[in-house]
2 protein chains.
Amino acid sequence: MSLPHAILTALLEKPSSGLELTRRFDRSIGYFWSATHQQIYRELGKLEEAGLIRALPAGQPARGQKKAYEVLPAGRAELARWTAAAQDPRPMRDTMLLRLRAAAVVGTEGIEADLRRHLELHEAQLAEYREIERRDFPPGRDGAEDRLRHLVLRAGIDLETFWTEWLRHALADFPELPDPAA
Amino acid sequence: MSLPHAILTALLEKPSSGLELTRRFDRSIGYFWSATHQQIYRELGKLEEAGLIRALPAGQPARGQKKAYEVLPAGRAELARWTAAAQDPRPMRDTMLLRLRAAAVVGTEGIEADLRRHLELHEAQLAEYREIERRDFPPGRDGAEDRLRHLVLRAGIDLETFWTEWLRHALADFPELPDPAA
DNA sequence: CCCCTTTTTGCAACTAGTTGCATAAAGCGG
DNA sequence: CCGCTTTATGCAACTAGTTGCAAAAAGGGG
């Protein structure tokens with residue numbers, strides 16, 4: 001149950017409306033915890049009801065009108081509690097690995113094209129992360145907060161690097177493989 | 001929607017009962033697509049109803065009695081179709097990265113212990129994968145199926161290697177960090 | 001000022017995954 | 001052969017996440 005905490009983090013970084021949050025999730029936080037706007041609106045409602053955030057007082061809240069939220073002390077406390085609490089890593093769920101395992105039984109026909117496509121996707125993501133690193137973390141600055149955020153970004157960069165290398169390795173192996181289904 | 005295909009793969013490798021499947025998920029397939037026994041039983045029911053698998057004819061099927069399943073041709077065809085179909089990688093969801101991002105705002109107090117614990121967990125998983133590699137993929141053999149399965153295992157090994165290194169790096173950085181909450 | 005598009009918010013229904021518990025048979029110790 | 005534990009199967013309820021759609025306001029063009 002991490003979406004509310006992702007939202008609290010984002011709101012602490014900067015109070016925002018639902019749509020602004022959605023956009024920021026598409027760019028930064030969402031890189032490791034994605035969410036759709038529907039999820040976000042629903043969760044904002046719950047968080048407000050629970051007294052962890054509140055709508056910034058501006059015009060009466062109605063449909064089609066911006067409503068920005070800020071985090072209340074109770075929300076900050078809950079986030080601090082959650083951050084410090086022990087949590088097990090969630091088990092990995094990777095479809096491509098599953099498909100390769102299946103291909104070992106039913107044949108590799110057709111999967112190679114998608115491996116190539118995934119390689120391109122991961123290369124694009126890697127390029128995007130590198131651009132963010134270049135822009136937001138130039139060699140000079142290293143406050144504590146920036147260090148932590150940079151560490152997180154490095155995880156993203158290194159993970160994408162891993163996948164591009166692994167996919168390239170897989171593809172290099174591939175043409176030689178006879179097709180068990182043939 | 002990958003659980004049914006994970007089950008089809010496992011059943012093609014070897015026809016099994018629900019409990020046997022559960023055990024095999026705990027060991028091999030589950031390393032990259034985990035499932036509980038309740039999920040597995042439910043899915044076996046659906047797959048049977050859909051005509052993709054069937055119960056091996058043995059004693060009348062009743063509660064508390066083993067019931068083994070095998071894959072029917074329609075099931076194999078569906079698995080082949082699914083394996084070859086283009087699929088987007090699912091967005092990453094990592095709680096620890098989220099927590100570090102939160103820690104940049106609410107303070108790092110308490111999280112270090114859990115980083116250490118995660119490091120141990122990843123080290124243990126890595127050791128387990130290495131043991132499997134030593135046992136199941138000795139240098140000599142390299143049939144097509146084994147090559148694919150080995151490739152998948154290598155992904156697991158390299159991912160765990162990445163995480164252990166990243167966590168060690170994070171922890172090495174840590175003691176120097178002043179606590180923003182202090 | 002009226003219509004059309006865009007922006008912003010949100011509900012409802014569905015799918016997937018998790019948790020908690022129940023029930024039937026089999027095996028074992030006394 | 002009676003009760004206790006273990007094995008095997010499964011239902012039901014809940015939580016989380018996704019998909020499809022729609023309504024209210026704002027802004028722009030005629």
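Keep in mind that what you see is a predicted model, and the values were worked out from it rather than measured. Numbers restart at 1 for each chain; the letters A, B, ... are given by sequence-line order, proteins then strands.
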Name the closest nucleotide to the [X] side chain, picking from [options].
| X | options | answer |
| --- | --- | --- |
| B/Q38 | C/dC21, C/dT9, D/dG20 | C/dC21 |
| B/Y69 | C/dT19, D/dA8, D/dG10 | D/dG10 |
| B/L3 | C/dC21, D/dG17, C/dG17 | C/dG17 |

Measure from the side-chain N and O atoms of B/W166 to the backbone N and O of A/L151, and report whether any donor-acceptor pair falls under 3.5 Å. yes
Measure distances between side-chain N and O atoms of B/R42 and base N and O atoms of D/dT9, and say whether any donor-acceptor pair falls under 3.5 Å. no
From [atom1] of [X] over to [atom2] of [N], roughly how many Å is that when rounded to an integer?
| X | N | atom1 | atom2 | result |
| --- | --- | --- | --- | --- |
| A/E49 | C/dG10 | CD | P | 13 Å |
| B/Y41 | C/dA22 | OH | C1' | 14 Å |
| A/K46 | D/dA16 | NZ | P | 7 Å |
| A/H37 | D/dA23 | NE2 | C1' | 13 Å |
| B/Q39 | C/dT19 | CD | P | 10 Å |
| A/E43 | C/dG10 | CD | C1' | 14 Å |
| A/R90 | C/dA16 | CZ | P | 17 Å |
| B/D88 | D/dT19 | CG | P | 11 Å |

Is the centre of the A/Y31 ring less than 6.0 Å from the centre of the A/Y129 ring? yes
Regarding A/Q87 and B/H118, do their side chains bring together a donor and an acceptor under 3.5 Å, going by distance alone? no
Check the phosphate of D/dG17 against A/R93, side-chain N and O only, distance under 4.0 Å to OP1 or OP2. Yes or no? no
D/dT9 OP1/OP2 closer than 4.0 Å to side-chain N/O of B/S17: yes
If you pin B/L19 and B/P91 to their nearest nucleotides in DNA chain D, which one's is more 5'? B/L19
Indicate yes or no: does B/E123 engage B/R168 in a salt bridge with an N to O separation below 4.0 Å. yes
B/R99 vs B/D114, test: salt bridge (Lys or Arg N to Asp or Glu O under 4.0 Å). Steps then yes/no. CA-CA 11 Å; B/R99 285 165 72 193; B/D114 213 33; 2.8 Å; yes
